[in-house]
Amino acid sequence: MLKARFRGIRTRILVIALVPSLLLICIGVGTSVYLFNDARHAEGFARTLDTHLTPTRELVLAVQQERLLSVSQLAGAVVDPGALVAARMRFDAALNSLAAAEAEFQRVGGSAMGNVVAAFEELKTRLPELRSAIDAGRLPVADAYDFYCRLLDGMDEGSATIGQFAPDAATGSELTRNLGLLHVVESMSRASALTAAAVRPQGLPPNLSAEYRNLVSYYHVEIARLATELDAANAQRVADVTASLAWQQVSAMENAIVEVRPASAPQLPMSVAQWRAAADEVNQQLVTLWVGHAKQSQRHAADAGARHGRDSLLAASVVSTVAVLAFLLSLWLANQLIGRLKRLRSETLAVAEVRLPETMRRLTEGVRIDPKTEAAQLDFGTDEIGQVAQAFNRAHGAAVAVAVTEANTREGVRAVFSNIAHRSQIVVHRQLEILDAAERRQEDPALLETLFQLDHLATRGRRNAENLIILGGGRPGRQWRRPVALRDLVRGAIAETVQYTRVYTNAGLPSVFVNGAVVADLIHLLAELVDNATAFSPPQSRVDVSGNLIGTGVVVMISDQGMGMSDSELERANEMLSDPPDFSVATLSADARLGLFVVARLGILHGISVRLTESDYGGVRADVVIPTAVLAAENAAIAPPTAVQPW
């Protein structure tokens with residue numbers, strides 16, 4: 001059932017028209033969802049940066065402070081125990097504040113950020129043990145320095161991972177420069193921690209000396225490079241930092257330590273306290289520069305998120321509007337096309353089922369028809385549907401033209417039949433007049449018998465001529481003005497048959513009279529049936545004619561004792577008797593029993609029904625029902641009975 005429905009032209013047109021529109025709507029919805037998610041990601045990214053900027057800054061400063069004090073204590077410098085405890089408490093508080101941010105970082109950074117957080121958590125578990133070793137003085141300076149550096153390396157790696165998920169390239173570039181500033185801050189802080197160990201008499205071990213030189217070189221070069229990439233305001237802040245006295249003092253101390261020879265104490269350009277104050281000032285300036293640029297990056301990410309949101313809303317609106325308009329346009333065009341096809345179907349059906357049969361009926365009635373004016377005039381434009389309509393117009397016009405030609409031919413054949421029949425009828429009438437005169441003058445029984453036979457043959461010839469007139473659509477010339485008794489009418493019909501001697505009539509024929517206008521046709525009808533009964537039964541058998549009154553009139557029954565007809569033959573014959581086909585050469589050639597065809601035409605003309613059934617003797621019985629309408633009105637014998645008697 002579904003497959004049959006899918007084969008319909010309406011379904012196919014709708015599929016062809018609406019599937020691309022539906023796909024466009026799906027693409028529009030998908031694009032809108034993608035843009036909306038992208039905007040949400042940008043907004044969430046900006047919120048993440050804003051929410052966790054302060055915990056991150058606090059953690060970096062706490063680690064740097066605890067690293068500096070821990071390395072100084074292990075290097076033998078006098079460190080205030082209260083300051084170290086405060087630094088550790090600050091570090092622990094920063095860790096607790098950042099713990100809430102780890103899940104958010106993992107949501108933004110995915111699995112890569114998860115690995116960073118896992119490594120950071122592992123270092124945190126070792127922190128209590130490391131602090132105990134620092135307090136006991138059992139931990140080498142290099143190990144303490146490396147541990148705290150690894151903590152901040154995790155922060156650095158996490159920042160780099162987060163930067164990879166920036167919503168746009170501009171925000172990613174800002175985060176990359178911000179990460180560079182963080183590297184400068186951390187490198188300067190590491191150098192400061194190593195400076196606290198380098199000022200002792202034994203100096204730094206070789207591996208840390210190389211680390212120190214690399215750190216000092218890196219952050220000096222990196223801050224100079226960043227000054228060329230940052231905006232004007234931040235570049236000016238970098239210039240102010242590098243031109244400050246504190247920067248110069250820190251640089252002088254670092255140069256003194258870098259230039260010291262192995263196994264010799266450095267010649268310090270200033271006291272450790274002066275250096276410490278200058279280093280703290282430079283570190284604070286760099287942290288301020290880093291935090292300020294981070295806030296600027298966050299604002300840029302927030303602006304990008306808002307811009308993405310507006311763009312997403314606009315794009316979703318435009319795409320959705322275009323998709324809906326395309327869908328509605330496709331639906332409208334499809335309905336227009338379907339409507340035209342429906343109208344074409346209804347109009348062509350009207351032409352085929354109403355106009356064409358009406359034209360055929362008028363042609364049958366002999367009305368003159370012009371094929372050009374009767375041709376269909378379907379107008380559906382000049383496109384493919386219009387071309388189909390024009391093709392139907394031409395086909396209908398050709399059919400009408402053929403029908404007109406056939407009607408003209410049929411009328412011509414009927415005219416020929418009528419002409420021949422009338423001429424034959426005139427000859428037969430003249431022949432019957434001569435035979436009648438000869439019969440009256442002749443007294444010789446043998447010759448009189450011969451004349452009687454000739455008279456019956458002439459009568460049969462007259463009936464054949466009348467058959468041709470009936471086939472041609474005309475009426476026989478014989479007419480009666482007064483009603484005729486049914487008994488006399490039946491005798492007249494029997495008298496027109498060649499083998500009239502084999503026909504026996506029932507003495508109990510009803511005493512009814514038939515209207516004069518129907519007498520000639522009814523005699524002709526009964527004569528054809530009697531003639532068929534004698535022709536299709538054995539020569540020695542008899543044909544019985546009887547009649548009875550019935551509720552609707554009178555029935556005359558003609559029974560023979562012949563071979564009969566098969567059920568299929570009876571069915572075909574009765575179908576023709578009830579609904580005779582139109583006269584044509586094809587009709588005549590299809591069935592040679594022209595007598596039944598003439599009987600059917602006469603019966604339809606006067607409302608007389610004829611039906612063939614099997615007789616009591618195995619032959620055929622013809623039941624002729626003569627309706628009350630054709631009986632004489634003054635005949636009281638045909639009044640309907642007061643009650644219907646059972647069989």
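Small disclaimer: the values here were computed from a predicted structure and weren't measured.
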Next on the checklist: Checking side-chain contact (heavy atoms from CB on, under 4.5 Å) between Val185 and each of Ile223, Val291, Asn283, Leu61, which is the one that passes?
Outcome noted: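 Single pass found, and it is Asn283.
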To the nearest 0.5 angstrom, please state how far the [atom1] atom of [X] sits from the [atom2] atom of [Y].
{"X": "Leu286", "Y": "Glu281", "atom1": "CG", "atom2": "CD", "result": "10.5 Å"}
{"X": "Leu215", "Y": "Ser187", "atom1": "CG", "atom2": "OG", "result": "5.5 Å"}
{"X": "Leu68", "Y": "Arg190", "atom1": "CG", "atom2": "CZ", "result": "14.0 Å"}
{"X": "Gln65", "Y": "Ser189", "atom1": "CD", "atom2": "OG", "result": "10.0 Å"}
{"X": "Leu130", "Y": "Ser132", "atom1": "CG", "atom2": "OG", "result": "8.5 Å"}
{"X": "Leu181", "Y": "Arg237", "atom1": "CG", "atom2": "CZ", "result": "11.0 Å"}

With the threshold set at 4.0 Å, does a side-chain nitrogen-carboxylate oxygen contact exist between [X] and [Y]?
{"X": "Arg90", "Y": "Glu66", "result": "no"}
{"X": "Glu222", "Y": "Arg225", "result": "yes"}
{"X": "Asp135", "Y": "Arg88", "result": "yes"}

Backbone of [Y] reached by a side-chain donor or acceptor of [X] within 3.5 Å:
{"X": "Asn255", "Y": "Ser251", "value": "yes"}
{"X": "Ser346", "Y": "Arg343", "value": "yes"}
{"X": "Gln285", "Y": "Thr242", "value": "no"}

Next on the checklist: Quick one, Leu226 with Val238, criterion side-chain contact (heavy atoms from CB on, under 4.5 Å). Give me CA distance, side-chain angles, the key distance, then yes/no.
Outcome noted: CA-CA 9 Å; Leu226 288 174; Val238 171; 5.8 Å; no
Checklist entry - Yes or no on side-chain contact (heavy atoms from CB on, under 4.5 Å) for Arg276 and Ser72, after CA distance, side-chain angles and deciding distance? => result CA-CA 12 Å; Arg276 177 64 59 82; Ser72 298; 3.8 Å; yes
With heavy-atom distances below 4.5 Å as the criterion, would you say the side chains of [X] and [Y] are in contact?
{"X": "Met188", "Y": "Val250", "value": "yes"}
{"X": "Arg126", "Y": "Arg131", "value": "no"}
{"X": "Tyr218", "Y": "His183", "value": "yes"}
{"X": "Leu69", "Y": "Gln73", "value": "no"}
{"X": "Leu127", "Y": "Asp92", "value": "yes"}
{"X": "Ser244", "Y": "Gln249", "value": "no"}
{"X": "Tyr145", "Y": "Glu211", "value": "yes"}

Next on the checklist: Is there a side-chain hydrogen bond (donor to acceptor under 3.5 Å, both in side chains) between Glu186 and Gln64? Walk through the geometry before answering.
Outcome noted: CA-CA 8 Å; Glu186 174 61 8; Gln64 290 177 352; 3.2 Å; yes
Next on the checklist: Ring centres under 6.0 Å, that's the criterion: do His220 and Trp247 meet it?
Outcome noted: yes
Item to check | Member of Tyr219, Trp275, Tyr212 meeting the side-chain hydrogen bond (donor to acceptor under 3.5 Å, both in side chains) criterion with Glu254 | outcome: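 Considering Tyr219, Trp275, Tyr212, a side-chain hydrogen bond (donor to acceptor under 3.5 Å, both in side chains) with Glu254 is found only for Tyr219.
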Next on the checklist: Does either side chain, that of Gln284 or that of Asp280, offer a donor lying less than 3.5 Å from an acceptor on the other one?
Outcome noted: no
